[in-house]
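There's a structure below that I have some questions on.
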Amino acid sequence: MEHEDWRKYKRTIEIFEKMRETGLDPTLSKGLEFDEFTCSTVISACGREGMLDEARKFFADLKLSGYRPGTVTYNSMIQVFGKSGVYVETLNILKEMKDNHCVLDVVTYNEVVAAYVRVGFHDEGVAVIHTMASRGVTPNAITYTTVINAYGKARNEDKTLKVFGQMKELGCVSNVRTYSSVLAMLGKRSRPEDMINILHDMKLNGCLPERATWNTMLVVCGEEGKQKYVNQVLREMKISRYEPNKDTFNTLISAYGRCGYEVDVAKMYGEMIMVGFTPCITTYSALLNTLARRGDWNFHNKSYFLLVFQALDVPMDRLVEAADSASWLTWKIK
DNA sequence: TTAGGGTTAG
């Protein structure tokens with residue numbers, strides 16, 4: 001069997017397993033008892049495996065067998081095709097859903113919003129929010145976060161904040177995902193004051209940043225000239241009594257490194273060791289890249305290399321290992 | 001049973 005066929009075979013088996021779990025026997029072609037559970041489970045499983053044709057076929061057969069798909073089944077179809085980026089097909093399914101007088105719920109609309117913004121139609125996504133509200137379906141945090149995140153990724157600061165503000169005005173409560181999306185955008189746009197304000201707002205609402213929220217902020221601030229913001233974020237982390245893990249230190253080292261702040265890189269490395277975390281390849285690579293940013297630095301001239309790393313007590317063998325694993329040498333010596 | 005984000009080198 002060809003590799004691709006084998007993979008497909010395995011996927012099919014997985015889906016059959018799913019069907020059995022939900023009480024549906026895939027080997028029977030007639031007399032099946034379909035319900036919303038089984039249908040949406042199978043469609044979602046197909047979607048996760050990238051089997052769009054199978055999802056289409058299953059859906060078509062379902063209807064041929066006389067089953068009338070309900071909201072959840074339609075929602076899962078909209079999700080699968082929305083995720084695949086075929087938004088025209090997504091809209092067709094939505095139309096069919098309406099034609100069949102199937103109830104559109106908040107999940108339906110959220111999927112449609114996601115389908116629009118996924119292909120870059122942000123304003124159309126926002127328009128859906130208005131449509132759903134006018135049809136009596138209240139947008140929730142997921143609805144707003146979907147467009148906030150999309151505008152944020154597009155670096156559209158004004159619209160991100162506008163939607164965030166509207167959400168608040170309408171009494172929809174932000175959660176950690178909403179805040180994380182706004183914070184990531186503000187970091188990218190060099191708006192540290194606003195970032196700190198949002199962090200305070202979060203705390204007021206009893207919403208704690210997650211590990212990745214902090215990491216994201218550090219990553220987006222890790223750019224030339226942004227070390228002040230990294231400092232700010234670090235300060236807030238301490239105020240929030242956030243307990244750093246190894247990843248936090250690696251992220252901090254690389255963020256300071258990309259800002260060109262070697263002193264703080266060294267400080268973070270020292271602190272990492274002090275609190276008992278063992279540096280790994282990523283740590284050493286981050287250190288190497290910090291030095292590689294220096295235009296006057298050359299691998300063949302090992303003086304600076306030795307000076308800095310000896311001062312940090314960096315084990316040379318680990319450093320060489322890191323350089324090898326990241327093809328760092330070939331990248332640097334060119 | 002269906003919906004949103006984020007995690008370190010270059």
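Here is the naming used below: chain letters follow the sequence lines, and residue numbers restart at 1 for every chain.
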For the residue pair A/Y179 and A/F164, categorise the inter-ring angle as parallel (less than 30°), tilted (30 to 60°) or perpendicular (more than 60°).
-> perpendicular

Atom pair distance, as rounded to whole Å: CG in A/L94 and P in B/dA3 | 17 Å

Whole Å only: how far is the CH2 atom of A/W214 from the P atom of B/dT7?
-> 16 Å

Any residue meeting side-chain contact (heavy atoms from CB on, under 4.5 Å) with A/N92, in chain and number order, not counting sequence neighbours | A/V88

Please report, rounded to the nearest Å, how far the C1' atom of B/dG5 is from the CE atom of A/M202.
-> 11 Å

Spacing of A/M185 atom CE relative to B/dG5 atom P, expressed in whole Å = 17 Å

Close residues, residues 106-136 of chain A, relative to DNA chain B [heavy-atom separation under 4.0 Å] = A/V107, A/N110, A/E111

With heavy atoms under 4.0 Å as the rule, sort A/S180 into base, sugar-phosphate or nothing.
-> base

A/Y144 vs A/I129 side-chain heavy atoms within contact, under 4.5 Å = yes

Checking only heavy atoms, does the side chain of A/N140 share a donor-acceptor pair with the base of B/dG4 at less than 3.5 Å?
-> no

Looking at the side chain of A/F37, which of B/dA9, B/dT1, B/dG5 is the nearest nucleotide?
-> B/dT1

Could you list by number each residue of residues 228-259 of chain A showing a heavy-atom separation from DNA chain B of less than 4.0 Å, or answer none if no residue does?
-> A/D247, A/N250, A/T251, A/S254, A/R258

Donor-acceptor pair under 3.5 Å: do we get one between A/S40's side chain and the base of B/dT2?
-> no

Separation of B/dG6 P from A/L183 CG (nearest whole Å) = 13 Å

Just jot down the side-chain contact (heavy atoms from CB on, under 4.5 Å) partners of A/K83, sequence neighbours excluded, or say none.
-> A/Q79, A/R118

Give the nucleotide from the list B/dT7, B/dG4, B/dG5 with an atom nearest to the side chain of A/N175.
-> B/dG4

Residues forming a salt bridge (Lys or Arg N to Asp or Glu O under 4.0 Å) with A/R318, sequence neighbours excluded = A/E321

With sequence neighbours excluded, tell me which residues meet salt bridge (Lys or Arg N to Asp or Glu O under 4.0 Å) with A/K168.
-> A/D201

A/K238 meets the salt bridge (Lys or Arg N to Asp or Glu O under 4.0 Å) criterion, sequence neighbours left out, with none

Return the orientation label for the A/Y242 and A/W214 ring planes: parallel under 30°, perpendicular over 60°, tilted otherwise.
-> tilted

Euclidean distance, atom CG of residue A/L287 to atom C1' of B/dT8 [Å, nearest integer] = 12 Å

Under the side-chain contact (heavy atoms from CB on, under 4.5 Å) rule, collect the residues that match up with A/I196, sequence neighbours excluded.
-> A/L199, A/H200, A/Q232, A/E236

Rounded distance (Å) that lies between atom C1' of B/dG6 and atom CG of A/N215 | 9 Å

Taking all non-hydrogen atoms of both residues, which atom of A/A266 and which atom of A/L312 are closest, and how far apart?
-> CB-CD2, 3.5 Å

Mind running a 4.0 Å heavy-atom check of residues 272-280 of chain A against DNA chain B and sending the residues that fall below it, in number order?
-> none

Note, A/Y74 side chain near A/N100 side chain (heavy atom, < 4.5 Å) = yes

Taking only residues at least two apart or on different chains, which pairs with a member in residues 267-277 of chain A satisfy side-chain hydrogen bond (donor to acceptor under 3.5 Å, both in side chains)?
-> none

State which of B/dG4, B/dT7, B/dG5 makes the closest approach to the side chain of A/K153.
-> B/dG5

Contacts to DNA chain B from residues 59-84 of chain A, heavy-atom cutoff under 4.0 Å, which residues?
-> A/V72, A/N75, A/Q79, A/K83

Under 3.5 Å, is there an N or O donor on one side and an acceptor on the other linking the side chain of A/T145 and the base of B/dG4?
-> yes

In whole angstrom, what separates A/I148's CD1 from B/dG6's P?
-> 14 Å

Kindly say whether the aromatic ring centers of A/Y87 and A/F121 come within a distance under 6.0 Å.
-> yes

Out of B/dT1, B/dG5, B/dG4, which has the shortest distance to the side chain of A/N149?
-> B/dG5

Could you tell me which residues satisfy salt bridge (Lys or Arg N to Asp or Glu O under 4.0 Å) with A/E36, sequence neighbours excluded, listed by chain and number?
-> none

Determine whether A/L104 and A/L94 make a side-chain contact, defined as any pair of heavy atoms from C-beta on separated by less than 4.5 Å.
-> yes

